[in-house]
Every structure is written in C-alpha cells, then in structure tokens.
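Each remark here refers to the structure printed beneath this line.
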Amino acid sequence: MPYIGVLFLIGSIALICAAAGLALRNPAPAWLFGALVSGGMIVGFTLSRTVGLPNYHEQGWEPPYGVLCLIAEAGFIAAFVAWRRVQETPAPIIPLRVKVPTGK
C-alpha cells in the first residue's frame, strides 16, 4: 500500500528533525518529539504484524531488521526517560566552607 511508504518517509523525516534538535542543543522538544515518533513507529510496526492496518497485513517479524528497529526505537524511548529523570533530579546541595581569618 502506498500509504505505508509515505508513513515511513514521514517517520524518517521526523526523526531527522528530532536529531537536528538534539544537535542544536534544543533538547526538551527534540527528546519528546523523538520519543513520540519512536513510540508511534513501534505501535505501527506491531499493529501491521498482529491485527493489521487498513488494507495491509505483514506476515512475520522480518528478522533481524524489524526486531532491530524495535530495539533501537525502544532504546531511544529509554534514553528519553533517563534524560527526563536526570533533568528532574535536583543537584545536591554542598555546604560551603568559609575560611575565617584567625588573625595570626
């Protein structure tokens, strides 16, 4: 089905945009956008091999490429979750030691 190819193209362009956002030091929207696109690709891949998509049902999981893509997309989502946790964790407060002159 032609729309499957269009979806792959849109997903590829979207992930390139997410990578560009990360490279340009605009991490929050880039991480979120990349995680959403990766999640959507996982859902689409899984649906196409289980219940099928409109006028499209793929047989099998195409080892190793399909599974490798799922692993990469899940890895991106895991990295996003780890990044969010680091961003939300407050920095430890280290007490300052002030040296007071003793007058000697």
Side-chain angles (χ1 to χ4, degrees):
M1 293 305 304
Y3 78 92
I4 299 296
V6 172
L7 290 174
F8 273 113
L9 183 62
I10 291 170
S12 298
I13 292 169
L15 289 176
I16 289 170
C17 290
L22 290 172
L24 295 174
R25 306 270 188 223
N26 193 8
W31 273 115
L32 179 61
F33 184 61
L36 290 173
V37 172
S38 292
M41 294 180 95
I42 289 171
V43 168
F45 183 87
T46 304
L47 287 175
S48 72
R49 274 130 183 100
T50 55
V51 297
L53 297 172
N55 298 322
Y56 182 77
H57 188 273
E58 187 71 34
Q59 298 297 322
W61 291 82
E62 300 173 26
Y65 304 112
V67 176
L68 288 175
C69 288
L70 289 176
I71 292 169
E73 290 156 355
F76 187 92
I77 293 170
F80 167 68
V81 170
W83 176 81
R84 287 286 298 164
R85 287 189 178 155
V86 167
Q87 296 300 310
E88 292 174 356
T89 304
I93 298 173
I94 301 171
L96 295 175
R97 290 188 173 175
V98 179
K99 290 189 177 184
V100 179
T102 59
K104 292 183 182 179

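In terms of the side chain to side chain contact (heavy atoms under 4.5 Å, CB included) criterion, residue partners of I13 (sequence neighbours excluded) are, by chain and number, L9, C17. The ring pair (Phe, Tyr, Trp, His ring centres under 6.0 Å) test applied to F80 returns no partner, not counting sequence neighbours. Partners of Q87 by side-chain hydrogen bond (donor to acceptor under 3.5 Å, both in side chains), not counting sequence neighbours: none found.
Each salt bridge (Lys or Arg N to Asp or Glu O under 4.0 Å) pair with one or both residues in residues 9-21, not counting sequence neighbours, would appear here, but there are none. Sorted by first and then second residue, the side chain to side chain donor-acceptor pair (under 3.5 Å) pairs with a member in residues 35-55 read R49-E62; sequence neighbours excluded. Pairs engaging residues 74-87 under the salt bridge (Lys or Arg N to Asp or Glu O under 4.0 Å) rule: R84-E88 [sequence neighbours left out]. Listed by first and then second residue, the salt bridge (Lys or Arg N to Asp or Glu O under 4.0 Å) pairs involving residues 25-35 amount to none (not counting sequence neighbours). For the ring pair (Phe, Tyr, Trp, His ring centres under 6.0 Å) condition, no pair includes a residue of residues 9-30, sequence neighbours left out.
To the nearest 0.5 Å, the span separating CH2 on W83 from CG on L22 amounts to 8.5 Å.
Among all heavy-atom pairs drawn from G21 and A30, the shortest one is C-CB, 3.6 Å.
Cluster partners of Y3, using a side-chain heavy-atom cutoff of under 4.5 Å among ILVMFWY residues and allowing indirect links, are M1, I4, L7, F8, V43, L47, V51, L53, Y56. The other residues sharing a hydrophobic cluster with L15 are F33, V37, M41, where clustering joins ILVMFWY side chains under 4.5 Å apart.
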